[in-house]
Every structure is written in structure tokens, then in C-alpha cells.
Amino acid sequence: MAWPVRLVPAGGGPLFQRIARAVIDDIRRGRLVADQRLPGSRALAAELGVHRNTVLAALAELEAQGWIVTRPARGTFVAPTLPEVRPAVRPASGRDRWAAGAGDRPGFALPAWQPPGPPPAAGVARGHLLLSAGVPDPRLFPVDALARAWRRVVRRDGRRLLTYEAPEGHPALRAALAAMLRAIRGMAVAADDLLITRGSQMALDLVARGLLAPGERVAVEALGYRPAWDALRLAGAELVPIAVDGGGLDVAALARVAARRTVRAVYLTSHHQYPTTVTLGASRRLALLELARRHRWIVIEDDYDHEFHYEGRPVAPLAAADDGGNVVYVGTLSKILAPGLRLGFLAAAPPVVARLAALRAAMDRQGDRPMEAAVAELIEDGELERHVRRMRTTYLARRDALVHHLRARLAGELTFDVPRGGISVWAQVAPGLDVDAWLAASAAHGVHVSPGRRYTFTGDDPRALRLVFAPLTPAELDRATAVLAATRPRRRR
């Protein structure tokens, strides 16, 4: 499993010392835990683009200080007993964490609280090709692997799995997800920081109901994810749209709004903005986290398809750099596996997890324990990671196929940037084309596309289309774009 090291800025001493300090920082933050195996020196040197001797010098420095140990024929590990660690490292239990200090508290006040549309279709439906379906291709799901894992866990632990348990989710899945988030997404989380939910939509609903009071304002992306807006509105929130551009959410515009009006929370899709797929830039990320600390905002970060990034390395979530405890991180396994599994999660400070788990118990008691245990096995034995690698390769090929056909057949009608990640292309429609007439004609021929107005806060027409490539094969994308080209209307002059 990859472990992307983050070096301290240049000029901070010799390179081997900077590598050593980066490792120490990850241990202190809890991203690397006691007895965790580290990558080999060759792998780490290749990852960082440095000479292996530089990495060996860094490892020698770390071992001399007591941060790591080398075990013959086994590898290098984080030491089981660490040197004195600053208080930011989280104790094991949620109760101790809450007492440990502000670093484990949410960066916002918890309000007084008492527990108290149609799903998308697959890409191909009855002969129709759905460029509008924001889902993975269910035909690629590892059914046999999941079936074997499900049978194993039920045979082994059936009596315990088939009764009532804690609402936070199966412990094995929470632990496996925490390890994945630490290793892949750079987040300093433990199992106690996670709540397993029935899809990310339940996580968003729990956050809205459990952390917001009616009438409080929530800033949202003016071009964004309507089901999240619905969850926030149902909780009584007043939504404030903030512009989105080529750099993601306009954080400067958000700051101007906050100077005039009290804002309680911010909801955004920072990695692959929905639906444009652009990534929130580094300066905006820092500015947003600083605003959140200053105003004690809740930052609801929806990282719905982190794994599908095709060029360069994916950007770490806001939650990975959140020192103030402001970010509530929402994720899903629906895009990795299949939406029908209904498996999502949220990561937050333990008091937040406890509150939302109590609310979840009041509405749903618990999730599907056997399925959670089975998916935990898929993560632990590496099957999920292998599946993600296969899907990333497959979806990259499908992205390239869609881009090729759009450029070949519709270059005069659609303009777009090739997305670096995600599962769709956001394309602008040329002036003079009747978008509604075009989409109606293509739908009559079995090809369905989402108009851009579906994603605007006001319902205005941005003259754009969202074209989802993930659930369709290259051959199906060829047929779909051929229909779009054949049904395009003539331009008005």
C-alpha cells in the first residue's frame, strides 16, 4: 500500500533530515501507528524521487532516535514504544481523547439536540445508454470475492453478526477504513473517529440533523450536489450559494459573505468538485481552513470519488490538514464497489461521532453487520485495493474514449477540459444550440445526458452538459456519442 510522505518545505536542513522529520510528524499526528510496517528503502526512494542512500540515512536517523525499529527478514516498522510524543497524538479511547485537549475537540460548538428522490440507474438500462448515471459500472463488481467473504464471516461469526450491536458500525470495518484513510488519504484517524452509514447520503443527513439547528446558514457550492442541499434543507438550514470557478469554491467570495452574515457551516466537494471535477487549489484550502478556525465553522467535506484520479497524485483531503477539528469528512464505498451495498462513512472528532451515532440508532439502529464484516475482509486481504487499481485503469480508458469521440464528432458543439479525475466530463455547449431540444432528441434515440441546470442552485441554465463515462464501455461510448452527433440541432443565427 502506498504511503505518500509529505516533506517539510525546502530549506529546512539536509534532505535526509527533512525525510526523517516528515516521518516523525506523521507518527505524532497518528497517521502512522505503532508497529505499522513502513515501505522499503527502494520503494520510498522511488516515491520521493531521491537516491536510496538519502532514504537509508533518514531511516538510520529515525532508528537512532527510537522512532522506528528494523526486524531482520521482516522489514522496518514504527517502534512499538515511541519517544515522548506531543499531546496532539490521540489516546486510544474516545473518552480519553475528549479529555486530551482541543486538538481532539470539534472546532465548533455542538447545538442543543435531542434524538428525534429516485436513485440513479445503471449506465445501461433496457437498451438505453445513460451518460447521466453518476454510478460505477456494476458489471465490474467483484461479486465472487464479496460472496466468498460474506460466507466466511457468517460461518465464523454468524451468531454475533446477526444480532444487535453498536450503531457506529462493525469494528473490523471501522479499523480497516481508518488504516486505509491513514495510508492513502493522509488522515490521522483511528477507528473511534469513524461512523459507518448506509451510503454517504445518510452521513450527510446525520450531519445536517445532528450538528445544525433550524435557521442556521450553510454555505454551499452554487454549482453542486442537489441531494446534499436537500438533506441540509430538510434539517431547516438556510443555504447560501457561493460561486464556483476553475479553482473550485471561491473562498474569497465566501469570506465576503461571512463578513456580512453569520455562517454556521460550509458544504463542499473539494477533491473533484461536483459536477465540474476541478480541484480546490492549495491557497484556497489553507484560506478555507483558516476561516473555519476563526469562525468556528463546520466544514462538511464530501470526498465522493477520491480513488479515481488519473494524472499525478490525488490531493489530500482538507481533513488531513485540519488542526482545529472543524472538518467532518464524508466518504463512500459506492463509487469504489457498488451503490447497492449502501456503505458510506464519516470521520470526525469522537464527540461528534458519538452524537451522530446516537441519532443514527434512533432512526436505523445499525447497518448490515454481515456485509460490513465482509467488506472489511476485502480491505484487509487487499482485494479492495486490487479492485480499485483495476477500476482506475478501466475508467481512465473510458475517459480517453469519451474524450476522443467528443473531439472527433462534436468539436464545434462542445468544449471541455479533460478531467484529471472523477467519472464524468463537464462540457460547455456552443452558443446558438438549443440544449433542451438536443437532449430530448438524443433521449428519443436511447441516449440520456444530464443538462447543466440540474446542478445549479438557482436552476439557471449554464449551457453545459455532464457526460458520465464510468458505467459505459468504450464501444457503448462510441454508440452514445454517435447518437449525440446525429441528433444535434442546427445552430440559430
Side-chain angles (χ1 to χ4, degrees), residues 87-88 90-91 93-116 167-168 187-190 192-195 197 202-220 228-229 231-240 242 249 251 254-268 270 285-302 317-330 345-363:
R90 298 179 171 183
S93 73
R95 180 182 302 172
D96 288 343
R97 284 198 187 130
W98 179 241
D104 295 299
R105 300 171 186 257
F108 46 85
L110 294 174
W113 173 82
Q114 292 293 329
E168 289 84 357
M187 295 169 58
V189 294
D192 284 354
D193 302 310
L194 296 181
L195 171 64
T197 60
M202 173 185 270
L204 293 169
D205 180 73
L206 290 173
V207 171
R209 294 177 186 272
L211 302 182
L212 300 172
E216 290 186 317
R217 294 189 187 93
V218 180
V220 299
W229 301 343
L232 293 165
R233 284 193 177 108
L234 285 172
E238 176 189 343
L239 304 189
V240 181
I242 306 296
L249 181 75
V251 177
L254 172 61
R256 290 193 294 271
V257 169
R260 301 190 308 268
R261 311 169 69 184
T262 300
V263 173
R264 167 66 168 160
V266 181
Y267 167 80
L268 78 163
S270 61
R285 288 168 174 265
L286 294 174
L288 176 58
L289 290 174
E290 177 56 32
L291 284 170
R293 282 191 289 267
R294 187 188 316 157
H295 295 285
R296 293 178 60 78
W297 287 342
I298 305 167
V299 177
I300 308 167
E301 182 180 20
D302 187 349
L318 289 168
D322 175 33
D323 295 329
N326 297 84
V327 178
V328 177
Y329 181 81
V330 174
F345 60 91
L346 63 85
V352 176
V353 171
R355 167 165 292 197
L356 300 186
L359 177 58
R360 189 262 174 82
M363 64 184 290

Any side-chain heavy-atom pair of Ile300 and Leu211 under 4.5 Å: no
Flag the pair Asn326 / Leu318 as yes when at least one side-chain heavy-atom distance between them is below 4.5 Å, and no otherwise.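 No - every pair of side-chain heavy atoms lies 4.5 Å or more apart.
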State the [atom1]-[atom2] distance between [X] and [Y], to the nearest 0.5 angstrom.
X      : Y      : atom1 : atom2 : result
His295 : Glu290 : NE2   : CD    : 9.0 Å
Glu216 : Leu239 : CD    : CG    : 12.5 Å
Phe345 : Asp193 : CZ    : CG    : 12.5 Å
Thr262 : Glu238 : OG1   : CD    : 10.5 Å
Met202 : Arg209 : CE    : CZ    : 10.5 Å
Leu234 : Leu212 : CG    : CG    : 12.0 Å

Which heavy atom in [X] sits nearest to a heavy atom in [Y], and how many Å separate them?
X      : Y      : value
Ala203 : Thr197 : CB-OG1, 3.7 Å
Ile242 : Ala219 : CG1-CB, 3.9 Å
Leu204 : Ala228 : CD1-CB, 3.9 Å
Arg217 : Val240 : CD-CG2, 4.0 Å
Val353 : Leu195 : CG1-CB, 4.2 Å
Arg264 : Phe108 : NH1-CB, 3.9 Å

Val207 vs Val352, test: side-chain contact (heavy atoms from CB on, under 4.5 Å). Steps then yes/no. CA-CA 9 Å; Val207 171; Val352 176; over 6 Å; no
Given the rule in the side-chain contact (heavy atoms from CB on, under 4.5 Å) test, do Arg293 and Leu289 qualify, once you have shown the distances and angles that lead to the verdict? CA-CA 6 Å; Arg293 282 191 289 267; Leu289 290 174; 4.0 Å; yes
So does Val263 get a backbone contact from the side chain of Trp297, meaning a donor-acceptor N/O pair under 3.5 Å? yes
Is there a donor-acceptor pair closer than 3.5 Å between any side-chain N or O of Glu301 and the backbone N or O of Ala319? yes
Sorted by chain and residue number, the side chain to side chain donor-acceptor pair (under 3.5 Å) partners of Tyr267 (sequence neighbours excluded) come out as Asp302
